[in-house]
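Beneath this line is the structure, given in structure tokens, with notes to follow.
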Number of protein chains: 2
Amino acid sequence: MTNTIRAEVVTIGDEILFGQITDTNTQWISTELTNIGIRTVRKSSVGDQAEAILAILHEAHQRADVIILTGGLGPTKDDITKKTLCDYFGVGLVRNEEALALVTGFFEKRGRPMTDLNRGQADLPANAVYIQNDWGTAPGMWFEHDRGDDRGRVYVSLPGVPFEMKNLMTHRILPRLQAYFQTPVIKHKIIRTVGIGESFLAERIADWEDSLPPHIRLAYLPSFGQVKLRLTATGQDSAQLDRELAALVDEVMPLIQQNVFGFDDDELESVVGRLLKSKNQTLSIAESCTGGFVSAQITKVPGSSAYFWGSVVSYSNAIKSSQLGVKPETLAQYGAVSEETIRQMAEGVRKTLGTDVGIATSGIAGPDGGTPDKPVGTIWIACATAQRTVTRLLKLGQYRDQNIQLTSTYLLNLLREELVNQ
Amino acid sequence: MTNTIRAEVVTIGDEILFGQITDTNTQWISTELTNIGIRTVRKSSVGDQAEAILAILHEAHQRADVIILTGGLGPTKDDITKKTLCDYFGVGLVRNEEALALVTGFFEKRGRPMTDLNRGQADLPANAVYIQNDWGTAPGMWFEHDRGDDRGRVYVSLPGVPFEMKNLMTHRILPRLQAYFQTPVIKHKIIRTVGIGESFLAERIADWEDSLPPHIRLAYLPSFGQVKLRLTATGQDSAQLDRELAALVDEVMPLIQQNVFGFDDDELESVVGRLLKSKNQTLSIAESCTGGFVSAQITKVPGSSAYFWGSVVSYSNAIKSSQLGVKPETLAQYGAVSEETIRQMAEGVRKTLGTDVGIATSGIAGPDGGTPDKPVGTIWIACATAQRTVTRLLKLGQYRDQNIQLTSTYLLNLLREELVNQ
């Protein structure tokens, strides 16, 4: 099939419609559909009313080839998706023995009593293909339906619990959609950069970008101090696409090498973790204006205790001196936000906690505390190793949250550079 | 007007449709609409194509009284919302002098050159009411439109940048909607609880909940270790509703006093901050399994340097001894995850950093490191003051992120209780 396959993603539930819970499902689903070459043309949310659900089914049939519904499959009475699907397709509910066995097993395993409501979860519209849900009690459903016009449509109904929905999509629905629609092979490669703005990056790789063949597209995805370059290749031959993407990465890398910290799912904190591990080095952190945020990023990574020994969060100047050995006369002469202080903080934490590397932050995160000399956003970072100590001055903005987050990103990147260049 | 006012919230933009960015606007908007008594009946996302935007306008007109559009108002060519609104309403674009002055001022202030594209941002459909945007260059627009059927509709078009959209909604659009539709007065009161599950809470206040008058509704809003109780009162007299809500809070408080940490926008970290400040006490933190997360929560609060002096993140046992004074024989005999160790950590950080209060965490956040005796999720917390040291054992789950977040919540709550009971 060479035409574009169009999708509509529909969430069902009053709690989403009224803003009581955050809908993360639709973004995830449309990203996954994009990844297999299916184009989302509309996203919709409707409430738990039969007429609202019927209306969206009729509308979606007009504009989409595949309609993905999430939500409205719980055992309680206000969840009426299944009954409404029966009305829409003109069929009745039929108990599915496979589904019943799964629900029964689920309750037996947990030693919990089962009610008629629970048993009802095994009732499916007669035309449904049963899609086994190994992660919960509500089954997935797949329908192929022709309303008398020239072509059939695929309807997929999934539970709204994100964990169950994602597993069902990944393991059961996406492969089935690829097979049914014979979608092209889509391959992605993400290059992760840090410390260079989107427009500068675009300028630097303009010639390379212009040379991309039509079946390979490039997207810039910016976030706090980082830009992801995502290459998307469309074709028929998976191995061939992989080779093309690898060649393009090889071509562009010399232009941006110094700003690339990883690929695909890499995060800065896991990349520096791998570097420390491979070099058999240990890390300590002295944090002032970031208040523990950098340490929390480092320890988000499972297994970080292999290379991270500890931190001192020195919000008060007294602790900068007593715990990190910053000289009181340095603080008096240059202040806590100064190159002299940050150097002593990084070297001090490295020495006091006895690690190979010490990194540090000190600055004015805001909203208060700025002066004409050192406005809010003035932040020093440093990295001390056995070889040398490097310091950097950041001039950030006025928002506390953003300043903390950006400082963390730039400090982890400084650490990465020092480890790579050792 | 006594009928329900129905709203459709529409986001415009390929980047949302394809899942490249997270849409936080629609949830925020529908929550705010609910708060003024307007019922969202549909949420939709469409791409940056004229035909898709025209289609949703025609559809939304059928089912809603007010249609809120966000996105598609930037200066670049792919943002075509304004042109499409002209087609829909059958009018032309007219330059708005007020809007032009604002855009011009914006560029002058920043010393940046202005292009025709920027000037074009001041062009509005002829039937638009200009809504001044003090937070960016794209103006807001308000339309009252009758398509020849029995009643007019309100269309609102806002920029998609969340910061600009929220300010425009809060200060300009919501008051205007309330006046136009003469919506009833809606008042909210939120009671914030911690350390009690939703079902236990519901049981404890069942009689009180049953006694609520029909014009006051209760919602349970749970998140990591906390449950918000939200009372929503609907009526005509603002002062009267405030009095009724205050009386209901007075009634329920004796039943849940020990679990209530605040009201409305209060967060645990700001509540303990206020308590420390009012008691003129200082805080230090010793973190093991939370790795800096608790300190980062405390320092999220602007002005926290008034009471927070610092932390020691002691991931390694060596640092627990060298920096916090935990006895090596305690670590050898009981291990790092034990009541004996957590007590010495809290007392040690309090003494070493010289603060009035010291709090501490030590446990197994996972996914690795569990033993049959101490499975993943086994976590000790403690709070040491001049009067006494209190320890608590938490038995949490298997997910690292959740364990860190829940430990932080329970530790801040323990600190709160100790400060309140002093």
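In the text below, chain A, chain B and the rest are named by the order of the sequence lines, each starting its count at 1.
Across all non-hydrogen atoms, the minimal contact from A:K277 to A:A306 is CE-CB, 4.2 Å.
For B:T352, the parts sitting under 4.5 Å from any heavy atom of chain A are the backbone and the side chain alike. In this structure, chain B has no heavy atom under 4.5 Å from any part of A:I298. For a residue to count as touching a neighbouring chain, one of its non-hydrogen atoms must lie under 4.5 Å from one of that chain's; by this rule B:I29 does not touch chain A. Residue contact with chain A, scored on non-hydrogen atoms closer than 4.5 Å, is absent for B:Q297. Neither the backbone nor the side chain of B:S322 comes within contact range of chain A; no heavy atom of the residue lies under 4.5 Å from a heavy atom of that chain. Interface remark: B:R400 contributes side-chain atoms only to the contact with chain A (heavy atom separation under 4.5 Å). Contact annotation for B:V301: only backbone heavy atoms (N, CA, C, O) come within less than 4.5 Å of a heavy atom of chain A. For A:E59, the part lying near chain B is the side chain, with the backbone staying farther off; criterion is any non-hydrogen pair under 4.5 Å. Neither the backbone nor the side chain of B:E15 comes within less than 4.5 Å of any heavy atom in chain A. For a residue to count as touching a neighbouring chain, one of its non-hydrogen atoms must lie under 4.5 Å from one of that chain's; by this rule B:V312 touches chain A with backbone and side chain alike. Using a 4.5 Å cut-off between heavy atoms, A:L33 makes no contact with chain B at all. Residue B:I319 touches chain A through its side chain alone, counting heavy-atom pairs closer than 4.5 Å. For chain A, no part of B:I285 is nearby; none of its heavy atoms comes within less than 4.5 Å.
Side-chain polar atoms of A:S30 and A:T40 form no donor-acceptor pair below 3.5 angstrom. Between the side chains of B:E287 and B:S295, at least one donor N or O sits under 3.5 Å from an acceptor N or O. Between the side chains of A:T11 and A:S45, at least one donor-acceptor pair of N or O atoms lies under 3.5 Å.
With a 4.5 Å cut-off on side-chain heavy atoms, B:L229 and B:Y220 count as touching. Using a 4.5 Å heavy-atom cutoff, the side chains of B:S321 and B:L331 are in contact. For the pair B:S408/B:L412, a side-chain contact is recorded, criterion being any heavy-atom separation below 4.5 Å from C-beta on. Contact of the A:E32 side chain with the A:N35 side chain is registered, since non-hydrogen atoms from C-beta on lie closer than 4.5 Å. Using a 4.5 Å cut-off on side-chain heavy atoms (C-beta onward), B:I67 and B:I56 make no contact.
When each of A:A7, A:S314, A:S305 is scored by its heavy-atom pairs under 4.5 Å with chain B, the top score falls to A:S305. Among B:T34, B:T22, B:V46, B:D368, the residue with the largest count of heavy-atom pairs under 4.5 Å with chain A is B:T22. Highest contact tally toward chain A, considering only B:K300, B:R42, B:Q323, is held by B:R42 [criterion: heavy-atom pairs under 4.5 Å]. With respect to chain A, the highest number of heavy-atom pairs below 4.5 Å among B:N317, B:V41, B:L221 belongs to B:V41. Highest contact tally toward chain B, considering only A:F293, A:F18, A:F308, is held by A:F18 [criterion: heavy-atom pairs under 4.5 Å]. By number of non-hydrogen pairs under 4.5 angstrom with chain A, the leading residue of B:A365, B:S311, B:G366 is B:S311. The greatest number of non-hydrogen atom pairs below 4.5 Å with chain A, out of B:D23, B:V9, B:I21, is found for B:I21.
For the pair A:S362 (side chain) and A:S288 (backbone), a donor-acceptor distance under 3.5 Å is absent.
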Step-by-step side chain to side chain contact (heavy atoms under 4.5 Å, CB included) determination, A:T290 to A:V313: CA-CA 8 Å; A:T290 46; A:V313 180; over 6 Å; no

Check step by step if side chain to side chain contact (heavy atoms under 4.5 Å, CB included) holds for B:W309 and B:L283. CA-CA 6 Å; B:W309 279 21; B:L283 175 70; over 6 Å; no

